[in-house]
There are 2 protein chains.
Amino acid sequence: MTQSTENTSYKDIKKTVLARIRSGEWQPDSLLPNESELATEFSCTRTTVNRALRELAEEGYLERRRKAGTRVLSAPQRQARFTIPMVRDEVEALGGTYRYALVSCDQKTAPDWLTARLALSPGQDVVHVRCMHYSGNTPFQYEDRWIVTDSVPQVKQANFSEIGPNEWLIQTVPFTNVELTFLASRADAALADFLDVAEGEPVFTGERITWLEGRPVTFAKMYFAAGYRMTTQF
Amino acid sequence: MTQSTENTSYKDIKKTVLARIRSGEWQPDSLLPNESELATEFSCTRTTVNRALRELAEEGYLERRRKAGTRVLSAPQRQARFTIPMVRDEVEALGGTYRYALVSCDQKTAPDWLTARLALSPGQDVVHVRCMHYSGNTPFQYEDRWIVTDSVPQVKQANFSEIGPNEWLIQTVPFTNVELTFLASRADAALADFLDVAEGEPVFTGERITWLEGRPVTFAKMYFAAGYRMTTQF
DNA sequence: ATTTCGTATATGTATAAATATTTAAAGTCT
DNA sequence: AGACTTTAAATATTTATACATATACGAAAT
């Protein structure tokens, strides 16, 4: 009954603007009318137009600069957003039963490559955890993780035989910055055994470095089982 | 001189809220004070608090529901955002000189696997383009692309000998939806030659399906040269 | 005990009106 | 011509206020 015939919500404006870009009415690189003019056109306030355009810029369709105005981006730099789930959730979402197994856990001095990679001081201690994540009895992911003892002193008391280091870390220490890398690597003999693939097979691999206020917390390599695909829609 | 001692911008509020979460003052799963109370505390309007909390929720730190309030997410589902650049830009950003070469371009009936993958009607026509992207004289990416003729009729007149199909598509047809997948695949003999790696080597691979208002536009497989790493920070 | 319904409450959005900030562009002075 | 300064135009943010909308929760009805 109270059906609104107005088209002036910021969402409607977003849709309209996007439609005009897609239809070619507003060509790439061209300047849009300014916020006030659009507010007049849509008979709403500039605030509402502002929100619509701000979000479209955030989504990578527009570029906005004070005084210069708002223009249509020629090559919409749409960003793919991947939600990085915890292994357990990912396995369960795929209908499997999650199982965790510790492979090894040692405290030692950081190897040179890790010292370099994380910009540690020479001789800093780390805890090295290797473990497996299964979906049922099928290997799902092999995890090779290093935790910087100085940044996470509690790790010396941690017991990773029942809980994975990732879940433990999330419950224990916050983080402020993350670097995430994906690549294709080769299964060496050991990894091939863990993941139950032939030696030399391609393995989808993720690397994750986590910092807390500039201090390195952990470096993890995650090797996924054969056939793994990381997908997103947008 | 005019240094503001106020801490009431929405950005300051975001920082403060985040700090309280990190310090444990606001525990995971706990409810935050409501917007009005926070507005009073920060001596600003509810609008400002709203924006701060809305963005923090967007960034994956908070969960908000009407009437239920705002609560701290226990496992912050921080999303990795990858900006997917065009090959040319990526090569140039790495300091290389971009070079493009067409390998083949044919119009044909869509193969069965593609018909299934894109939910085409049996017998629909596609243009199949294969091409290489180089950084200087080093192979950078091998691209294997299929363009649905019915969705992009202009493709029949397109000439891909000078311009890559991706750049052409971006200039020619808009898109509304994208599915992006990454995986590790094995270089077969042909691919190994193109990318100048040994047969059987792991190859970081992207697949991209693009739609325009529900109609499939294009399917592309992108095979990256050895050593490619896709990285993001957040 | 279970369902239905009403209502209060917290977030969501919009308006109107300022002030703040950035910066392109024009003007001024060597 | 080049360097600095001013101006004005656009976006960015905040305030104050109102109304909209979803929904948790409790009361009433079955």
Side-chain angles (χ1 to χ4, degrees), chain A residues 1-18 20-21 26-74 76-77, chain B residues 1-18 20-21 26-73 77:
Chain A
M1 247 4 116
T2 350
Q3 200 208 335
S4 168
T5 44
E6 307 264 16
N7 273 17
T8 72
S9 84
Y10 81 96
K11 286 180 184 172
D12 295 324
I13 296 177
K14 281 178 72 171
K15 277 183 201 149
T16 306
V17 170
L18 211 46
R20 289 189 189 172
I21 293 172
W26 287 341
Q27 291 285 321
D29 275 324
S30 69
L31 223 54
L32 267 63
N34 69 36
E35 293 185 346
S36 311
E37 295 176 76
L38 289 173
T40 308
E41 186 199 326
F42 292 116
S43 51
C44 65
T45 52
R46 195 169 75 78
T47 316
T48 304
V49 173
N50 181 278
R51 177 156 183 193
L53 298 187
R54 173 161 36 90
E55 292 195 358
L56 285 171
E58 177 73 19
E59 290 163 32
Y61 293 103
L62 301 174
E63 195 208 2
R64 320 191 73 204
R65 281 210 332 281
R66 284 163 154 149
K67 161 89 185 186
T70 301
R71 58 178 66 244
V72 180
L73 278 180
S74 46
Q77 284 262 335
Chain B
M1 250 8 110
T2 349
Q3 200 208 332
S4 168
T5 44
E6 307 263 19
N7 271 16
T8 71
S9 83
Y10 80 95
K11 285 179 183 171
D12 295 324
I13 295 177
K14 283 179 70 172
K15 278 183 201 151
T16 306
V17 169
L18 211 48
R20 287 188 189 173
I21 294 172
W26 286 341
Q27 291 285 322
D29 274 324
S30 69
L31 222 54
L32 266 63
N34 70 36
E35 293 185 346
S36 312
E37 295 177 78
L38 288 173
T40 307
E41 185 198 328
F42 293 113
S43 52
C44 65
T45 50
R46 194 170 73 80
T47 316
T48 303
V49 173
N50 181 278
R51 177 154 181 197
L53 297 187
R54 173 160 37 90
E55 292 194 359
L56 284 172
E58 176 73 19
E59 290 163 33
Y61 294 103
L62 301 174
E63 195 206 0
R64 320 191 72 204
R65 282 215 325 285
R66 280 164 164 160
K67 163 86 187 182
T70 301
R71 58 177 67 244
V72 180
L73 278 179
Q77 285 265 333

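Below, chain A is the first sequence line, B the second, and so on; all start at residue 1.
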Gap between atoms CZ and P, on A:Arg71 and C:dT23 respectively (whole Å)
15 Å
For nucleotides 8-18 of chain D, 5' to 3', base contacts (B), sugar-phosphate-only contacts (S) and non-contacts (-) with protein non-hydrogen atoms under 4.0 Å give BBBBBBSBBBB
Check salt bridge (Lys or Arg N to Asp or Glu O under 4.0 Å) between A:Arg64 and all other residues, then give those that pass, not counting sequence neighbours.
A:Glu35
Just wondering, do B:Lys11 and B:Lys15 contact through their side chains at under 4.5 Å, heavy atoms?
no
Donor on one side chain, acceptor on other, A:Thr47 and A:Asn50, under 3.5 Å:
no
For B:Leu38 and B:Ile13: C-alpha separation, side-chain torsions, deciding distance, then whether side-chain contact (heavy atoms from CB on, under 4.5 Å) applies.
CA-CA 9 Å; B:Leu38 288 173; B:Ile13 295 177; over 6 Å; no
Starting at atom CD of B:Glu63, determine the distance to atom C1' of C:dG12, rounded to an integer number of angstrom.
16 Å
Heavy-atom side-chain contact between A:Arg54 and A:Glu58 under 4.5 Å:
no
